[in-house]
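Note sheet for the following structure.
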Protein chains: 2
Amino acid sequence: MINDETELIKKFPVEHLVLGIGDVAAATGVSQSQLRYWERKGYIQSRVVAGRKNRKFSYKTLLKVQQIKTLQDEGLTLVAAVKQSQQRDAVFDTLRSFVDGRFAQIQMDDEDHIQINMGPFDPDPTQDLVAERIAGKWQFKLIPTAK
Amino acid sequence: MINDETELIKKFPVEHLVLGIGDVAAATGVSQSQLRYWERKGYIQSRVVAGRKNRKFSYKTLLKVQQIKTLQDEGLTLVAAVKQSQQRDAVFDTLRSFVDGRFAQIQMDDEDHIQINMGPFDPDPTQDLVAERIAGKWQFKLIPTAK
DNA sequence: CGTGTAAGGAATTCTGACACG
DNA sequence: CGTGTAAGGAATTCTGACACG
C-alpha cells in the first residue's frame, strides 16, 4: 500500500487530462471568448482529442492561461503577458521532476504522522533525508540509510 | 519573478478545478455510465457548480476514480475498491501541504540549473536545505541561511 | 451487483459576423 | 488590439427505462 501511494502521486494524472473550455474558463476566470481569441492568435493551444469534436485544453495550458491572466491583471498587455509567461512553463515540470526523482516513499501512519523519504542525503550518503509532518508542521531529519 | 513562480506552484489550480464527465472518463478510462452509477451509489461525488447544469467532478474526485479503477483492475469488487481507496485520499493533501509548507523559493537560472530552497534544515537551523537539479539529477545540499 | 444502450430533451460549445474602441 | 454578443447548428450530457447476469 505504501508503494502504491508513492506510485499514485508520481502518476499524478495530468498527462492525459484535458478540460473543456467552460471548465478552463471557470477555473481561471478567463472568459471563453478570450480563450478562443488567445488560441486564434497562437498564444495557447488546444488539442483535438480523438473522437471528441470540441476543443480540449491540457492542464499545462490551464496553468499558462492562469499565468497570462495574472500578468494581465498586473497591467501588462496581452502580448507582453504571453511573452513573460513563456519563461515559466518549466515550473510545473520542475515539480514533477523533483517528485519523480526524489520522493522515494511516502508513509502515512496516521493523520498526524506523515513522512516522505527522499533517499540518500547527498552531503552524507549514509543517511536518508526524511520530511516529517508533526502537528501540521514539516520538518527535516536524517535517518540511517536503510540497508 | 522568482517569487511569482513559487506563488504559482503553491496556487496550483486544483481547488477551483472542475471537470466534465467526459473529461474524467477520458482521463481515467472509466466510462460515463460507470461514473454515474458510482455517484448514484455514493462512492464518488459531483458538485453542482453555480450557473452550470451539468455534473462536475473535482480533481480530487478524479484521483479517487483512478484509485478505484486501479484496485478494480487488480481484481477487487467495486465495494472493496471503494473501501480501500478511502485511506488514500490524504496523499494529495500531503503533497500540497509539503509544497505549501516547505517550498520557500524556486529558482530557475537556466534549463540545467534549478534550485528549490526548502528553508531551515531542522537538524542544523543555521543552514538552509536546498534541492538542486544538475544534469537532470536532483541532489540535496546545505547552504548558510540567508540573513 | 455493475455496466451498457437507445431515446428524447436539455445544456454546452462551435464558427463567423458584427460591435466597440 | 482585445473582448463581448446574438444566432443557428453541432456535439455533449442528462434522466429513466430496460437488458444482461
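So that the names make sense, note that chain A is the first sequence line, chain B the second, and so on, each numbered from 1. The figures that follow rest on heavy atoms only: side chains count, while hydrogens, waters and symmetry mates do not.
The aromatic ring centres of A:Phe140 and B:Phe140 sit 6.0 Å or more apart.
As a whole-Å value, the separation of B:Ile68 CD1 from C:dT3 P is 10 Å. As rounded to whole Å, 5 Å separates atom C1' of C:dT13 from atom CG of A:Asn54. Residue A:Leu35 contributes atom CG, which lies 15 Å from atom C1' of C:dT12 at whole-angstrom precision. If you take CD of A:Glu39 and C1' of C:dT15, they are 12 Å apart, rounded to a whole angstrom. Protein atom CG of A:Leu19 is 13 Å distant from nucleotide atom P of D:dT13, rounded to whole Å. Counting to the nearest Å, the C1' atom of C:dA17 and the CZ atom of A:Arg40 are 11 Å from each other. A:Tyr37 has its OH atom 16 Å from the P atom of C:dG16, to the nearest Å. One can place CD of A:Gln32 at 7 Å from P of C:dC14, the figure rounded to the nearest angstrom.
Side chain of B:Asp23 to backbone of A:Gly20: a donor-acceptor contact under 3.5 angstrom is found. A:Thr145 places a side-chain N or O within 3.5 Å of a backbone atom of A:Thr126 that can act as its donor or acceptor partner.
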* Structure fact -> Intra- and inter-strand pairing of DNA chain C, written as dot-bracket with Watson-Crick and G-U pairs under 3.5 Å and | for the latter, reads .||||.||.|.|.||.||||.

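Among B:Ile143, B:Ile134, B:Val130, the one residue that satisfies the side chain to side chain contact (heavy atoms under 4.5 Å, CB included) test with B:Gln115 is B:Val130.
Checking C:dG2, D:dG2, C:dT13 against the side-chain heavy atoms of A:Ile21 singles out C:dT13 as nearest. Minimum atom distance to the side chain of A:Val79 is reached by D:dG2, of the listed D:dG2, C:dT3, C:dG2.
Contact check for B:Trp38 versus B:Thr61: no side-chain heavy atoms found under the 4.5 Å cut-off. At a threshold of 4.5 Å between non-hydrogen side-chain atoms, the residues A:Gln72 and A:Leu78 count as touching. Taking 4.5 Å as the limit, some side-chain heavy atom of B:Trp138 sits within range of a side-chain heavy atom of B:Ile114.
Take the nearest nucleotide of DNA chain D for A:Leu78 and for A:Lys53: the residue whose nucleotide is more 5' is A:Leu78. Looking at which nucleotide of DNA chain C each of A:Gly20 and B:Tyr43 is closest to, the 5′-most match is held by B:Tyr43.
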Would you tabulate the side-chain donor-acceptor contacts of residues 39-47 of chain A under 3.5 Å, counting partners in other chains and residues two or more places apart, or write 'none'?
from	atom 1	to	atom 2	distance (Å)
A:Glu39	OE1	A:Arg55	NH1	2.5
A:Glu39	OE2	A:Ser46	OG	2.4

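Heavy atoms of A:Arg52 sit under 4.0 angstrom from primed sugar atoms or phosphate atoms, though from no base atom.
At the phosphate of C:dT13, neither OP1 nor OP2 sits under 4.0 Å from any side-chain N or O atom of A:Arg55. Note on B:Gln34: every side-chain N or O is 4.0 Å or more away from OP1 and OP2 of C:dG2. For the pair B:Arg36 and D:dT15, the criterion of a side-chain N or O lying under 4.0 Å from OP1 or OP2 is not met. Distances shown here put every side-chain N or O of A:Ser33 at or beyond 4.0 Å from the OP1 or OP2 atom of D:dG2. In this structure, A:Gln72 reaches the D:dT3 phosphate: one of its side-chain N or O atoms is under 4.0 Å from OP1 or OP2.
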